[in-house]
2 protein chains.
Amino acid sequence: MVNKAKDISTEQKILEAARQVFFDKGMDGARMQDIADKAGINKALLHYYFRSKEKLFETIFAESFNNFFPKLSLILESDTDFSVKIEMICTAYIDQIHSMPYLPIFILHEVARQPESFLKKIWSSYPPPVKLFIKVVETAVKKKEIKPVHPLQVIMNIVSLCIFPFAAKPLLQQVTGISKKQFSVLMEERKKLVPQMIIQSIKK
Amino acid sequence: MVNKAKDISTEQKILEAARQVFFDKGMDGARMQDIADKAGINKALLHYYFRSKEKLFETIFAESFNNFFPKLSLILESDTDFSVKIEMICTAYIDQIHSMPYLPIFILHEVARQPESFLKKIWSSYPPPVKLFIKVVETAVKKKEIKPVHPLQVIMNIVSLCIFPFAAKPLLQQVTGISKKQFSVLMEERKKLVPQMIIQSIKK
DNA sequence: GTCTATAACTCGATAGAC
DNA sequence: GTCTATCGAGTTATAGAC
């Protein structure tokens with residue numbers, strides 16, 4: 001398979017191919033041969049650009065980790081009501097993951113398998129803004145805008161409701177037989193449903 | 001490592017070891033040598049009991065698939081209020097997964113990777129009671145016990161809120177630094193929180 | 001930068017003794 | 001049933017020509 005756009009660099013072709021194969025098979029199941037085929041080059045060239053499979057994986061994993069936390073900081077720091085922030089976060093998450101539905105399983109599977117030291121290194125470059133998120137919830141509680149709640153429960157609720165359906169998509173499709181299209185419709189609906197649920201569960 | 005209880009059969013030792021290794025590493029990352037070591041036997045004996053790695057995996061995957069759907073049918077068929085059913089399902093799910101926290105990632109990762117034909121075969125023996133679940137929600141809607149809602153959205157909400165936190169546990173612990181114990185406390189709380197959220201979101 | 005050829009190694013599987 | 005020893009396929013990585 002040769003890339004039509006001649007201006008796409010070999011490195012970019014490799015990264016795109018690696019993304020597809022790693023997302024699909026995971027680190028252990030991915031084959032350098034498959035990545036080379038998909039990029040339209042041969043194995044040796046992979047090693048020329050990225051020294052080893054591990055280095056290539058690290059590159060994909062790091063950028064994915066970053067993508068897993070959509071522009072949360074910007075939203076959290078914005079000067080908007082708490083409920084508006086919730087709505088924006090849900091929409092950002094659902095849109096983000098909808099465009100790369102294999103991301104959640106990949107991240108969850110690999111995070112559970114990598115040594116702590118490796119993870120520490122990765123997100124020293126891509127820090128998820130959890131502290132900030134917790135602070136935003138705590139502030140809303142103090143200002144009596146919402147009920148006193150454990151911030152982590154709220155965060156878990158939001159992320160669960162937005163992301164899990166994508167992680168469970170293959171299972172859901174197998175079990176219910178719904179089409180790709182029907183699934184997309186459900187996910188679009190959730191951009192309204194999920195914030196409603198969250199707000200309702202913590203409003204005074 | 002030799003098993004102390006002499007009455008535990010070799011087959012059981014293999015299955016327990018295989019469960020651990022497959023849950024931890026996935027099919028592709030698992031090594032027959034690791035399973036043999038953990039079971040206190042050698043590789044050849046694995047092949048004597050289960051012809052191949054694939055057969056052994058199939059055994060573990062099938063029983064896991066079954067465990068992923070806790071005794072839903074019994075609860076769904078029970079003669080109780082809709083809201084009580086929701087509560088029972090959440091408790092059943094959280095308790096079930098709490099006792100095997102690696103199950104969700106394993107199932108989600110592997111389901112996405114197995115061919116459709118294989119999955120069809122598996123759950124012809126372990127059918128998840130989705131049809132029944134949908135019917136229960138639809139009945140509650142018709143009886144005007146709850147708002148008109150898309151049953152799949154309700155099901156997704158329940159499963160997301162109960163299961164995702166376990167799938168995200170390694171990530172959550174890395175990112176927030178909470179202990180195993182603190183995590184358990186949060187999950188216990190959720191047995192009350194989640195049903196409340198679900199009921200509130202669909203009550204008339 | 002890109003290719004072919006191959007070295008070095010890992011791992012599932014089997015043969016065959018006890 | 002259980003073991004040791006080994007084969008052979010498949011995979012990452014490198015050497016070296018162009």
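Per chain, numbering begins at 1; letters A, B, ... match sequence-line order.
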Query - Residues A/Lys191, A/Asp95: salt bridge by 4.0 Å N-O rule - result: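 Yes, A/Lys191 and A/Asp95 are salt-bridged.
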Rounded to whole Å, how long is the line connecting atom [atom1] of [X] with atom [atom2] of [N]?
{"X": "B/Phe50", "N": "C/dT14", "atom1": "CZ", "atom2": "C1'", "value": "18 Å"}
{"X": "B/Leu46", "N": "C/dG12", "atom1": "CG", "atom2": "P", "value": "10 Å"}
{"X": "B/His47", "N": "C/dC11", "atom1": "NE2", "atom2": "P", "value": "13 Å"}
{"X": "B/Met27", "N": "C/dG12", "atom1": "CE", "atom2": "P", "value": "8 Å"}
{"X": "A/Gln33", "N": "C/dT4", "atom1": "CD", "atom2": "P", "value": "11 Å"}
{"X": "A/Asp28", "N": "C/dG12", "atom1": "CG", "atom2": "P", "value": "11 Å"}

Report task. List the steps, then state whether salt bridge (charged side-chain N to carboxylate O under 4.0 Å, His left out) holds for A/Arg113 with A/Glu110. Result -> CA-CA 5 Å; A/Arg113 274 148 200 83; A/Glu110 297 298 343; over 6 Å; no
**Report entry** Close side-chain approach of B/Glu138 and B/Ile134, heavy atoms under 4.5 Å
**Finding:**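 Yes; the side chains approach each other to less than 4.5 Å.
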Query raised in the report: Within the structure, does a side-chain N or O atom of B/Arg31 lie under 4.0 Å from either OP1 or OP2 of C/dG12?
Result: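 Checking C/dG12 against B/Arg31, a side-chain N or O does come within under 4.0 Å of OP1 or OP2.
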**Report entry** Boundaries of the DNA chain D segment in contact with chain B, non-hydrogen, under 4.0 Å
**Finding:**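 Nucleotide range with atoms under 4.0 Å of chain B: D/dG1 to D/dT4.
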Query raised in the report: What nucleic acid atoms does A/Ala30 come within less than 4.0 Å of, heavy atoms only: base, sugar-phosphate, or nothing?
Result: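 Sugar-phosphate, no base atom in range.
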Query raised in the report: Side chains of B/Gln96 and B/Lys71: donor-acceptor distance under 3.5 Å anywhere?
Result: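 Yes - a donor-acceptor pair under 3.5 Å links their side chains.
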Extract all donor-acceptor atom pairs below 3.5 Å that involve side chains of residues 151-158 of chain B and protein atoms in other chains or at least two apart in sequence.
{"unit_1": "B/Gln153", "atom_1": "OE1", "unit_2": "A/Arg190", "atom_2": "NH1", "d": "2.7"}
{"unit_1": "B/Gln153", "atom_1": "NE2", "unit_2": "A/Leu186", "atom_2": "O", "d": "3.1"}
{"unit_1": "B/Gln153", "atom_1": "NE2", "unit_2": "A/Glu189", "atom_2": "OE1", "d": "3.2"}
{"unit_1": "B/Asn157", "atom_1": "OD1", "unit_2": "A/Arg190", "atom_2": "NH1", "d": "3.0"}
{"unit_1": "B/Asn157", "atom_1": "OD1", "unit_2": "A/Arg190", "atom_2": "NH2", "d": "2.7"}
{"unit_1": "B/Asn157", "atom_1": "ND2", "unit_2": "B/Gln153", "atom_2": "O", "d": "3.1"}

Requested in this report: State which residues pass salt bridge (Lys or Arg N to Asp or Glu O under 4.0 Å) with B/Lys25; sequence neighbours excluded, sorted by chain then number.
Outcome: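 B/Lys25: no salt bridge (Lys or Arg N to Asp or Glu O under 4.0 Å) contacts found.
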Query raised in the report: DNA chain D: A/Arg51 or B/Tyr49, which has the more 5' nearest nucleotide?
Result: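 Looking at DNA chain D, the more 5' nearest nucleotide goes with B/Tyr49.
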